[in-house]
Amino acid sequence: MRENARAAWGMAATAVLWSTGGLAIKLVPLTPMAVAGWRSLLSAATLLLVFRGRLDFRPTRARCGAAVAYAALLVTNVAATKLTTAANAILLAYTAPVYVALFAPMVLGEKTKRADWLFVVASLGGMALFFLDRLSAQGLWGNLLAVGTGLSYAAFTLCMRAGREDSPVSAVIAGHGLTVLAALPFLFSAAPQTLGAALGLAYLGVIQQGLSLSLYVWCITRLPALSAMLLMTLEPIVNPLLVAVGYGEWPGFWSVLGGAVVVAAVTLRGIFGRGGSGTDA
């Protein structure tokens, strides 16, 4: 019981750590590709150190697909956070379960429940509300990239489910490696010029992406799936609050309403559906 409580606190801490990514990305004065590249370089090094001896990088179709999807998730998330509000970036990405529900029958042969279609409709309706706020061209592209983050997260989930024996940590590290390769032209032409920028990148890579995943892996094996999913809803709630307080960026009315619809739909589906995590089908 005591270990379960520690795991619950650890999962809540993981969600809060992940939620700090929006503010940190906003504060680092580098291009999206430079931020994504440096963060992934530091994160991959951290995870390789923590999980050394427990990794398997043998190429399988599922593992390769998961790595590509995770790299796409990392790049689109950073770009979306830079171009639109952090609230839009995280909450539109949180629609990933919609795409899992839509594509699981085709990709995995898993049937989508009839009740899941209500969840899909509700989530898509919430997603549409984000685009009712007055958006600049940059903000519109940021919203579209955030939708791409959700699609990438769904693809990662489907690939990992297709290769159930594959190590998710290995796929994550490979995804970070692909991100570094894609960002190579930006890494040294856009190196951090100030101590604050360097510390921000170190935080994003080592703590927000690296050590937090290590904590998540420890917690997820000790918590019921429903408890883990409910605790992880802290991320899309805390993320915009931190950015509002630390960066002065407040989401629009329609974004707040759309986010409430999406988070409620995902949470209720987890409670009354299969009881999986936020990105599970």
Side-chain angles (χ1 to χ4, degrees), residues 15-16 18-27 32 35-36 69-70 72-103 112 116-158 229-230 232-270 273 277-281:
V16 172
W18 285 353
S19 73
T20 61
L23 178 59
I25 290 169
K26 290 283 189 184
L27 291 175
V35 172
Y70 198 75
L73 180 161
L74 293 168
V75 172
T76 56
N77 175 251
V78 172
T81 302
K82 287 286 193 181
L83 295 175
T84 188
T85 65
N88 289 19
I90 185 63
L91 289 165
L92 284 169
Y94 207 65
T95 58
V98 172
Y99 314 119
V100 174
L102 289 172
F103 295 115
T112 299
D116 282 340
W117 294 110
L118 294 175
F119 150 75
V120 169
V121 170
S123 296
L124 290 176
M127 189 190 308
L129 294 176
F130 285 87
F131 293 88
L132 293 181
D133 279 328
R134 184 176 296 177
L135 293 170
S136 64
Q138 176 176 292
L140 176 61
W141 277 110
N143 278 11
L144 293 173
L145 283 166
V147 173
T149 304
L151 284 165
S152 301
Y153 204 162
F156 175 78
T157 301
L158 290 169
M229 185 277 299
L230 291 174
M232 289 312 298
T233 59
L234 285 170
E235 182 188 5
I237 295 170
V238 175
N239 180 310
L241 293 176
L242 290 176
V243 175
V245 173
Y247 193 70
E249 176 188 271
W250 295 88
F253 169 78
W254 292 110
S255 295
V256 172
L257 183 59
V261 171
V262 169
V263 172
V266 171
T267 302
L268 290 173
R269 179 177 177 272
S277 68
T279 54
D280 286 346

Under the side chain to side chain contact (heavy atoms under 4.5 Å, CB included) rule, what do Leu129 and Leu132 come out as? Steps first, then yes or no, please.
CA-CA 5 Å; Leu129 294 176; Leu132 293 181; 3.7 Å; yes

Would Thr20 and Leu242 satisfy side chain to side chain contact (heavy atoms under 4.5 Å, CB included), going step by step from the backbone distance to the final call?
CA-CA 7 Å; Thr20 61; Leu242 290 176; 3.7 Å; yes

One pair to check against side chain to side chain contact (heavy atoms under 4.5 Å, CB included): Phe130 and Val261. What are the steps and the verdict?
CA-CA 11 Å; Phe130 285 87; Val261 171; over 6 Å; no

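Rounding to the nearest 0.5 Å gives a distance of 14.0 Å between OH of Tyr153 and OH of Tyr99. Separating the CD1 atom in Ile90 from the CH2 atom in Trp18 is a distance of 10.0 Å, to the nearest 0.5 Å. Separating the CG atom in Leu92 from the OG atom in Ser255 is a distance of 7.5 Å, to the nearest 0.5 Å. Taken to the nearest 0.5 Å, the OG atom of Ser123 stands 10.5 Å off from the CG atom of Leu118.
Shown here for Ala96 and Ala154, the closest heavy-atom pair between the two residues is O-CB, 3.5 Å. Pairing each heavy atom of Phe119 with each of Pro97, the nearest pair is CZ-CB, 3.5 Å. For Val263 against Pro236, the heavy-atom pair with the smallest separation is CG2-CG, 4.2 Å. In terms of heavy-atom proximity, Asn88 sits nearest to Ala146 at O-CB, 3.8 Å. The minimum heavy-atom distance between Ser19 and Val16, with the atom names listed, is OG-O, 2.5 Å. For Lys82 against Ile25, the heavy-atom pair with the smallest separation is NZ-O, 2.9 Å.
In this view, Leu124 and Val98, Val120, Met127 satisfy the side-chain contact (heavy atoms from CB on, under 4.5 Å) rule, not counting sequence neighbours. Every residue two or more places apart in sequence or in another chain that forms a ring pair (Phe, Tyr, Trp, His ring centres under 6.0 Å) with Tyr70 is listed here: Phe156, His176.
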Just list the side-chain donor-acceptor pairs under 3.5 Å for residues 245-254, sequence neighbours left out, or say none.
{"unit_1": "Glu249", "atom_1": "OE1", "unit_2": "Lys26", "atom_2": "NZ", "d": "2.8"}
{"unit_1": "Glu249", "atom_1": "OE2", "unit_2": "Ala86", "atom_2": "N", "d": "2.7"}

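Side-chain N or O atoms of Thr76 include one that pairs as donor or acceptor with a backbone N or O of Ala72 at under 3.5 Å.
No side-chain heavy atom of Thr84 sits under 4.5 Å from any side-chain heavy atom of Trp141. Within the 4.5 Å cutoff, no side-chain heavy atoms of Val262 are placed close to those of Leu91.
Among Thr81, Leu73, Thr95, the single residue meeting the side chain to side chain contact (heavy atoms under 4.5 Å, CB included) criterion with Thr149 is Leu73.
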